[in-house]
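Reading through the structure tokens given below for one structure.
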Amino acid sequence: DAKTTQPDSMESTEGETVHLPCSHATISGNEYIYWYRQVPLQGPEYVTHGLQQNTTNSMAFLAIASDRKSSTLILTHVSLRDAAVYHCILRDGGSGNKLIFGTGTLLSVKP
Amino acid sequence: GGIITQTPKFLIGQEGQKLTLKCQQNFNHDTMYWYRQDSGKGLRLIYYSITENDLQKGDLSEGYDASREKKSSFSLTVTSAQKNEMAVFLCASRTGGGSDYTFGSGTRLLVI
């Protein structure tokens, strides 16, 4: 299974734009890139996903490299509520469409 | 809106004990998953089920059994709890062909 690599932690300040990087050098052609975030005592929460094109929604902008070997989750105007572990995940295109997790990036946000 | 509920939220067991964790969803989702999360590590897949009465092993299935007797519920059994084991077990569900995976809030296991 392909894997993802993320920095263990990143820091930001309220109101800033944050770029969370993810490397997935061995990604297969049919694997989607997912991002989830997780706060203490809760399960992961869906943020966004994409295959090849950049995507945007109310939570974040996902930039996917043209060779698909890396992606960046961009959070604009971060607030204290955005502090969480951000998981960059690949979705297995085979049976069950399993999510394959890395270790995630702990994003801290200062007032 | 639907909900996915895991019970119990906290579970303390003894070494060698058989422990059962339950997960219920009312989304009418087809596929359900059990993941284990250890401190400092990513989530690892234990079992998943594509439909009622279907069971598929994940990377971490040894030491666990699972059961999907109804579409709405998926249970996981730790067959013999290991001393000092501490982990969070997360259940998730997804509709066939859908893109969203919904997670429960987890069962926190401690074995003494």
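Just so it is clear, the model here is predicted, and its values are computed rather than measured. The chains referred to below are lettered A, B, ... by the order of the sequence lines, with proteins before strands, and numbering in each begins at 1.
- Placement of A:Val78 and A:Met10 within a single hydrophobic cluster is found when ILVMFWY residues are connected by side-chain heavy-atom separations under 4.5 Å, directly or transitively.
- Contacts between B:Gln6 and chain A at a heavy-atom distance below 4.5 Å are absent for every atom of the residue.
- When the shell of 6.0 Å around CG of A:Asn30 is examined, it contains more than 12 heavy atoms from other residues, nucleotides or ligands.
- Considering all non-hydrogen atoms of both residues, A:Pro44 and B:Leu90 come closest at CD-CD1, 4.0 Å.
- In this structure, A:Asn97 CG and B:Asp30 CG are separated by 11.0 Å, a value rounded to the nearest 0.5 Å.
- If you measure heavy-atom distances from A:Gln38 to chain B, the contacts under 4.5 Å come from the side chain alone.
- Listed options B:Cys91, B:Gly106, B:Ser105, B:Ala92 were ranked by heavy-atom pairs under 4.5 angstrom with chain A; first place goes to B:Ser105.
- B:Tyr101 and B:Met32 fall into different hydrophobic clusters, where Ile, Leu, Val, Met, Phe, Trp and Tyr are joined by side-chain heavy atoms under 4.5 Å apart, directly or via other members.
- Here A:Asp92 contributes atom CG and B:Tyr48 contributes atom OH; the two are 7.5 Å apart, rounded to the nearest 0.5 Å.
- Using a 4.5 Å heavy-atom threshold, the side chains of A:Leu99 and B:Tyr33 count as separate.
- When heavy atoms are compared at a cutoff of 4.5 Å, B:Arg108 approaches chain A solely by way of its side chain, counted from C-beta outward.
- Looking only at distances, no side-chain donor or acceptor of B:Tyr35 sits under 3.5 Å from a matching main-chain atom of A:Phe101.
- Linking Ile, Leu, Val, Met, Phe, Trp and Tyr residues whenever their side-chain heavy atoms come within less than 4.5 Å places B:Tyr47 and B:Leu60 in a single cluster.
- Around atom CD1 of B:Ile12, no more than 12 heavy atoms belonging to other residues, nucleotides or ligands sit under 6.0 Å away.
- Residue-environment remark: NZ (B:Lys71) exceeds the threshold of 12 foreign heavy atoms within 6.0 Å.
- In the hydrophobic clustering of this structure, B:Trp34 groups with B:Leu19; members are Ile, Leu, Val, Met, Phe, Trp, Tyr whose side-chain heavy atoms approach within less than 4.5 Å, directly or through other members.
- Here the closest heavy-atom approach between residue B:Arg94 and residue A:Arg91 is recorded as NH2-NH1, 3.9 Å.
- Within the 4.5 angstrom heavy-atom criterion, atoms from both the backbone and the side chain of B:Leu43 approach chain A.
- Heavy atoms closer than 4.5 Å to chain B are found nowhere in A:Tyr32, neither backbone nor side chain.
- When hydrophobic clusters are built by joining Ile, Leu, Val, Met, Phe, Trp and Tyr residues whose side-chain heavy atoms come closer than 4.5 Å, directly or via intermediates, A:Val85 is not grouped with A:Val109.
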